[in-house]
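Each remark here refers to the structure printed beneath this line.
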There are 2 protein chains.
Amino acid sequence: MSTLARIARLSGFSKATVSRVLNHSPHVSPETREKILAIMKEKDYVPNRNAISLSKGQTQQIGMITMDLNELILRFMNGFVEISGRHGFQTIIYTTGGDKEKELQALEDLKRKRVDALLILTSVNDKNVISSYCKYGPIVSWQRMDHPDIPSVAMNQYDGYALAMEHLIEKGYTRIANAFGRPSSINTRSRRLAYEQIMANNNLPVIEKWYYSSIYRIVDGEQLMQSLMGETDRPDAILCSNDLVAAGVLSEARRQRIDVPRDLAIIGFDNSELSRTLGITTVRNPIAGQAENAFLLMAPALLGRNMELQPLSFSLVKRETT
Amino acid sequence: MSTLARIARLSGFSKATVSRVLNHSPHVSPETREKILAIMKEKDYVPNRNAISLSKGQTQQIGMITMDLNELILRFMNGFVEISGRHGFQTIIYTTGGDKEKELQALEDLKRKRVDALLILTSVNDKNVISSYCKYGPIVSWQRMDHPDIPSVAMNQYDGYALAMEHLIEKGYTRIANAFGRPSSINTRSRRLAYEQIMANNNLPVIEKWYYSSIYRIVDGEQLMQSLMGETDRPDAILCSNDLVAAGVLSEARRQRIDVPRDLAIIGFDNSELSRTLGITTVRNPIAGQAENAFLLMAPALLGRNMELQPLSFSLVKRETT
DNA sequence: TTGAAAGCGTTACCAC
DNA sequence: GTGGTAACGCTTTCAA
């Protein structure tokens, strides 16, 4: 195994000079550089990362914490991996499965300098517990943390929902059902607010009996549609918490011979792969952009320079269900 | 920032003794241990991982290389993360996007001791290039590599396919179409062999005109079903390369008012989340078991002791499409 | 049971 | 431009 010291010995130069070559220092004569590089190549030398990390006090690794992995999380991760890779950082994933202890392990890894920074996608520990680790390195979150030390890149769902609402009303749909996700989450509150305000703006009645919550997956969507079929008074549009739900609603509607979009409009959320294949109108969530911003928020601490966050916005992807 | 040296100074003992406490060495008196532990707690001490890694020459990190992330890969990864975590190893993901250069970076990381071992899920570089890194640490692959130095945990798809075939025949389906994946892959060959042999064993005719290949996704399944509708001579069962394809076939069949499973049986592969929600009969692929075996193959090099691989087998999950 | 000191493989500061 | 050398924070002999 060849080391920097060995290269120094073989080349006749000092370790310092060899190190300079490694780090592209301008204070090395071209001949020296060539000579040393040649020996490195010959001896198949590569610097030991641990030694570098120890010496520099930085590992060039960033940890990503999540309870589980799903399509959305993956899209965020991929975006984050991409930009951090461009800046020379590797990423390591901590899947906690919702276990507080496992999550703490990840936080401890910031303290013990295994990672230089942490990205939280979904967490289970109390925000004050988490924020107590901020002194060891930058921590940025996707989900809102409501803590001054932990910035979040989450977007206000109001805007995305509003886009969908306006589209529906413009198309003439007014009897709108809402399939919400977590009952009292901030996102649900924002979405509900968007629905109510835009209905009011258009002098349309808010129909609370068509509020559904805890609707997350395909089956939930199917069941929702089924229970709707049992009633005489039915909505002419359903705004879904995500694309999975929309897919469930759509497939059940087809099974029930309902003409989509003539008799029922369906809108999903997130613009996932599934919505594309099934042709579901949906709201595009700029996830890669949020991931990028997450890294940019860490940049000052990591790279020593501020970087401008990019402005993000939702957009509507019109397909065959509206 | 407290270091081991500081703890030693404060406690009045040497660094060696403090290190012994850290590593649960039996050669420390209980009182000394207590005293030192108390000071560690008080000073909020945690050992620096880089220093440990450098000193030991091991990082306790394993790299996982993949071109991209999908549900199957994730299941494998989760299984691997789980077992390696139990043995004190963390995992780091290298997503290459099919870029040979990026993949090489990961291999270099084995050389520069950022990771102790590598797990290859999908790779793009030549097996000889990859195997040239074997001298730096254990490399295990999911996909078959056909190289003596790189063991694989892939399973013989013949067995899984045979299970599905026998189930179909037992149920009375004989006019079977096959939706294969990559045209000339080893998996496709095994599956095709299984189909042909089992048909032969039952004195049934092999129908090559119903061989389809390069069928991977939902839309591919839908299209396959559509093209089948145009013909007069139709199969009474379709064996799909994976659950996505089966989902596509199923949804298109429903759209075309075909009675599943009376007029058409559908079997998927992998027992994914989707097959469960849609009620598709499928072949369960013991992915977590394979992931576990992947770690066990590394165990000798990593832990210094041999571990017995567990025997794995496919099984059939019967649902509503057969 | 404990301590002293030599690694581990780099970087970075200070001379020259 | 180049070299000497002290960090970085731990583990691991070898003695005592």
Side-chain angles (χ1 to χ4, degrees), chain A residues 1-37 39-40 43-61 88 108-116 136 304, chain B residues 1-37 39-40 43-61 88 108-116 136 304:
Chain A
M1 193 81 295
S2 44
T3 68
L4 183 144
R6 191 156 97 98
I7 301 298
R9 200 167 351 100
L10 289 172
S11 68
F13 291 93
S14 70
K15 292 200 294 175
T17 301
V18 176
S19 176
R20 284 187 193 104
V21 170
L22 242 32
N23 295 288
H24 307 102
S25 155
H27 306 300
V28 183
S29 80
E31 307 86 63
T32 307
R33 163 163 290 125
E34 286 315 314
K35 228 177 274 179
I36 293 181
L37 283 175
I39 297 188
M40 284 181 175
K43 295 303 172 197
D44 194 30
Y45 168 79
V46 276
N48 180 312
R49 294 228 55 132
N50 295 314
I52 297 175
S53 298
L54 176 59
S55 189
K56 289 207 169 153
Q58 274 213 252
T59 51
Q60 303 293 110
Q61 286 194 144
E108 283 291 316
D109 268 6
L110 181 60
K111 189 161 160 187
R112 42 176 81 209
K113 304 209 172 292
R114 164 143 275 178
V115 295
D116 296 334
Y136 303 112
Chain B
M1 193 80 299
S2 47
T3 68
L4 183 144
R6 192 154 96 98
I7 301 297
R9 201 169 346 102
L10 290 172
S11 68
F13 291 94
S14 69
K15 293 200 294 174
T17 301
V18 177
S19 174
R20 285 190 192 99
V21 171
L22 242 30
N23 295 287
H24 307 101
S25 156
H27 307 300
V28 183
S29 79
E31 308 85 62
T32 307
R33 164 163 290 127
E34 286 315 313
K35 228 178 275 178
I36 293 180
L37 282 175
I39 298 188
M40 284 181 175
K43 296 302 174 196
D44 193 29
Y45 169 78
V46 278
N48 179 313
R49 292 228 58 127
N50 295 314
I52 297 175
S53 297
L54 176 59
S55 189
K56 291 207 168 153
Q58 273 215 271
T59 50
Q60 302 293 109
Q61 287 194 145
E108 284 291 316
D109 268 6
L110 181 61
K111 189 161 161 188
R112 41 176 82 205
K113 305 209 171 292
R114 162 145 278 178
V115 295
D116 296 335
Y136 303 112

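Here is the naming used below: chain letters follow the sequence lines, and residue numbers restart at 1 for every chain. Being a predicted model, the structure only gives us computed values, none of them experimental.
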Would you mind reading off the distance between [X] atom [atom1] and [N] atom [atom2], rounded to a whole angstrom?
{"X": "Gln58(A)", "N": "dG9(D)", "atom1": "CD", "atom2": "P", "answer": "14 Å"}
{"X": "Gln60(B)", "N": "dT11(D)", "atom1": "CD", "atom2": "P", "answer": "12 Å"}
{"X": "Ile36(B)", "N": "dG3(C)", "atom1": "CD1", "atom2": "C1'", "answer": "12 Å"}
{"X": "His27(B)", "N": "dT13(D)", "atom1": "NE2", "atom2": "C1'", "answer": "13 Å"}
{"X": "Arg33(A)", "N": "dG1(D)", "atom1": "CZ", "atom2": "P", "answer": "10 Å"}
{"X": "Glu31(B)", "N": "dT1(C)", "atom1": "CD", "atom2": "P", "answer": "10 Å"}
{"X": "Phe13(A)", "N": "dT5(D)", "atom1": "CZ", "atom2": "C1'", "answer": "19 Å"}
{"X": "His24(B)", "N": "dT11(D)", "atom1": "NE2", "atom2": "P", "answer": "12 Å"}

For this session: Determine whether more than 12 heavy atoms belonging to other residues, nucleotides or ligands lie under 6.0 Å from atom NZ of Lys111(A).
Result: yes
Problem set entry | Rounded distance (nearest 0.5 Å) linking atom NZ of Lys56(A) with atom NZ of Lys113(A) | 14.5 Å
Seminar exercise, completed: dist Arg9(A):CZ -> Lys15(A):NZ (nearest 0.5 Å) comes out at 10.5 Å
For this session: Indicate yes or no for a side-chain donor-acceptor contact from Asn23(A) to the backbone of Ser25(A) under 3.5 Å, with no hydrogens or angles considered.
Result: no
Exercise. Side-chain contact, heavy-atom cut-off 4.5 Å: Arg49(A) with Gln61(A)?
Worked result: no
For this session: Please determine, for the side chain of Ser29(A), which listed nucleotide (dG3(C), dT1(C), dG1(D)) has the closest atom?
Result: dG1(D)
Exercise. Does Ser53(A) put a side-chain nitrogen or oxygen below 4.0 Å from OP1 or OP2 of dC8(D)?
Worked result: no
Problem set entry | Taking every non-hydrogen atom, the tightest pair across Ser53(B) and Thr59(B) | OG-CA, 3.6 Å
For this session: Mark up nucleotides 4-16 of chain C, 5' to 3', with B wherever a protein heavy atom is under 4.0 angstrom from a base atom, S wherever such an atom reaches only the sugar-phosphate, and - elsewhere.
Result: B--BBBBBBB---
